[in-house]
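Notes to accompany the following structure.
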Amino acid sequence: MATMTAPPSGAYKIVDVPELYGALIKSKGIEGTYVGASETESPWVPFGDNAAIRHLAFDVRDNVYVNILWIKGPGVIGTHKHRGRVWAIGLEGSFRYLEYDWVCKPGEFITETPGTAHTLVTDDPNGMKALFHMQGANEFFDEHGNHVETLDVWWFMNHYETYCREHNIPINKQLYL
């Protein structure tokens, strides 16, 4: 038996693929979205004094949000606990969690599991950027372990929309799944 190294391909054209439920998918499903690099499509929204978030997707059905976190120089994002899964990939600079012994650099992938608490820091003089795909709530705590804020898809949508309204930037419907 031959091992397939990649799915067969050869047609550089749109292929009409049979779909038993095509009409239903077309009427009830939603198309994929595209968000370009322009800040008109998704601006950098301040997240504290030394950080910003570029929102890329909001899915209210599954409490999922995707964004790029940018810490502009050495700094910290406070201790927080995830109540859902998190996937992240380093894009620029480096970051780590005080609770672990690894450092995430560009191209490296991390997962965070529900129920774990950690404190994100960057010691990099140029800061860091990472793409985060998060599901569920993030609970933030102060230095004494007291709960101070819960961030979920609704918080992130409000973060984006409030900034856009305040800066006369149109809301990009492509961010909403």
Side-chain angles (χ1 to χ4, degrees), residues 33-59 62-169 171-172 174-176:
T33 61
Y34 169 81
V35 180
S38 165
E39 285 204 49
T40 304
E41 294 188 52
S42 178
W44 286 104
V45 181
F47 190 64
D49 296 332
N50 188 35
I53 292 175
R54 185 163 190 259
H55 299 283
L56 300 174
F58 307 113
D59 182 349
D62 292 318
N63 196 7
V64 168
Y65 35 103
V66 179
N67 59 50
I68 299 172
L69 173 65
W70 175 22
I71 303 177
K72 300 173 184 181
V76 61
I77 298 295
T79 302
H80 56 282
K81 182 187 296 186
H82 293 283
R83 292 298 182 183
R85 71 179 174 271
V86 176
W87 294 343
I89 188 165
L91 300 175
E92 295 178 13
S94 63
F95 70 97
R96 61 190 175 92
Y97 292 110
L98 295 179
E99 295 79 7
Y100 305 120
D101 62 359
W102 48 260
V103 175
C104 183
K105 298 178 199 86
E108 296 179 346
F109 179 74
I110 66 166
T111 60
E112 301 168 28
T113 55
T116 57
H118 40 261
T119 310
L120 189 153
V121 299
T122 179
D123 304 311
D124 193 306
N126 298 314
M128 60 74 77
K129 284 183 183 171
L131 174 73
F132 283 90
H133 177 284
M134 296 173 277
Q135 183 269 327
N138 291 326
E139 299 169 340
F140 277 78
F141 298 85
D142 67 15
E143 64 273 7
H144 305 291
N146 298 310
H147 177 262
V148 293
E149 180 100 40
T150 298
L151 284 59
D152 61 8
V153 69
W154 303 105
W155 186 97
F156 283 96
M157 286 168 57
N158 183 64
H159 184 244
Y160 166 71
E161 291 186 13
T162 299
Y163 182 84
C164 288
R165 280 192 300 275
E166 290 172 354
H167 293 86
N168 208 23
I169 299 169
I171 303 295
N172 184 351
Q174 291 294 302
L175 301 181
Y176 301 83

Return the set of residues passing ring pair (Phe, Tyr, Trp, His ring centres under 6.0 Å) with F58 (not counting sequence neighbours), or none when no residue passes. H55, Y160, Y176
Could you check whether any side-chain heavy atom of Y65 comes within less than 4.5 Å of a side-chain heavy atom of N138, counting everything from C-beta outward? yes
Do side-chain atoms of N63 reach the backbone of V153 as a donor and acceptor pair under 3.5 angstrom? yes
Contacts of I89 that satisfy side-chain contact (heavy atoms from CB on, under 4.5 Å) - sequence neighbours left out: L91, L131
Distance-only, no hydrogens or angles: does the E39 side chain make a donor-acceptor pair with backbone N or O of W44 under 3.5 Å? yes
Residue list, side-chain contact (heavy atoms from CB on, under 4.5 Å) with E99, at least two apart or on another chain: Y97, H118, T119
Once the angle between the rings of H147 and F141 is folded into 0 to 90°, is it parallel (under 30°), tilted (30 to 60°) or perpendicular (over 60°)? perpendicular
For D124, side-chain contact (heavy atoms from CB on, under 4.5 Å) partners two or more places apart: S94, T122, N126
I'd like to check the salt bridge (charged side-chain N to carboxylate O under 4.0 Å, His left out) partners of R54; sequence neighbours left out, ordered by chain and number. none
Side-chain donor or acceptor of E41 paired with backbone N/O of G36 under 3.5 Å: yes
Which is it for T111 and R85 under the side chain to side chain contact (heavy atoms under 4.5 Å, CB included) test, yes or no, and what are the steps along the way? CA-CA 7 Å; T111 60; R85 71 179 174 271; over 6 Å; no
Going by the rule side-chain contact (heavy atoms from CB on, under 4.5 Å), which residues pair with T113 if we only count those two or more places apart in sequence or in a different chain? T116
Is atom CG of N146 surrounded by more than 12 heavy atoms (other residues, nucleotides or ligands) closer than 6.0 Å? yes
Testing Q135, E112, E139 for side chain to side chain donor-acceptor pair (under 3.5 Å) with H82, which one passes? E112
Determine, for R83 against D152, whether the closest basic-nitrogen to carboxylate-oxygen distance falls under 4.0 angstrom. no
With R96, the side-chain contact (heavy atoms from CB on, under 4.5 Å) member among D101, D123, L120: D123
Working for side chain to side chain contact (heavy atoms under 4.5 Å, CB included), residues L151 and F47: CA-CA 12 Å; L151 284 59; F47 190 64; 4.0 Å; yes
Start with the C-alpha distance between V86 and F132, add both sets of side-chain angles, then the distance that settles side chain to side chain contact (heavy atoms under 4.5 Å, CB included), and finish with yes or no. CA-CA 7 Å; V86 176; F132 283 90; 3.9 Å; yes
Shortest non-hydrogen separation from C164 to P43 and the atoms involved: SG-CG, 4.2 Å
To the closest 0.5 Å, what do you measure between NZ (K129) and CD1 (I71)? 12.5 Å
Working for side chain to side chain contact (heavy atoms under 4.5 Å, CB included), residues E108 and V103: CA-CA 9 Å; E108 296 179 346; V103 175; over 6 Å; no
Donor-acceptor contact below 3.5 Å, side chain Q174 vs main chain Y34: yes
Side chain proximity check, I110 to Y100, heavy atoms < 4.5 angstrom: no
N172 (side chain) donor-acceptor with T40 (main chain) under 3.5 angstrom: no
Say whether, by atom type as modelled, one donor and one acceptor occur between the side chain of H159 and the main chain of P46 under 3.5 angstrom. yes
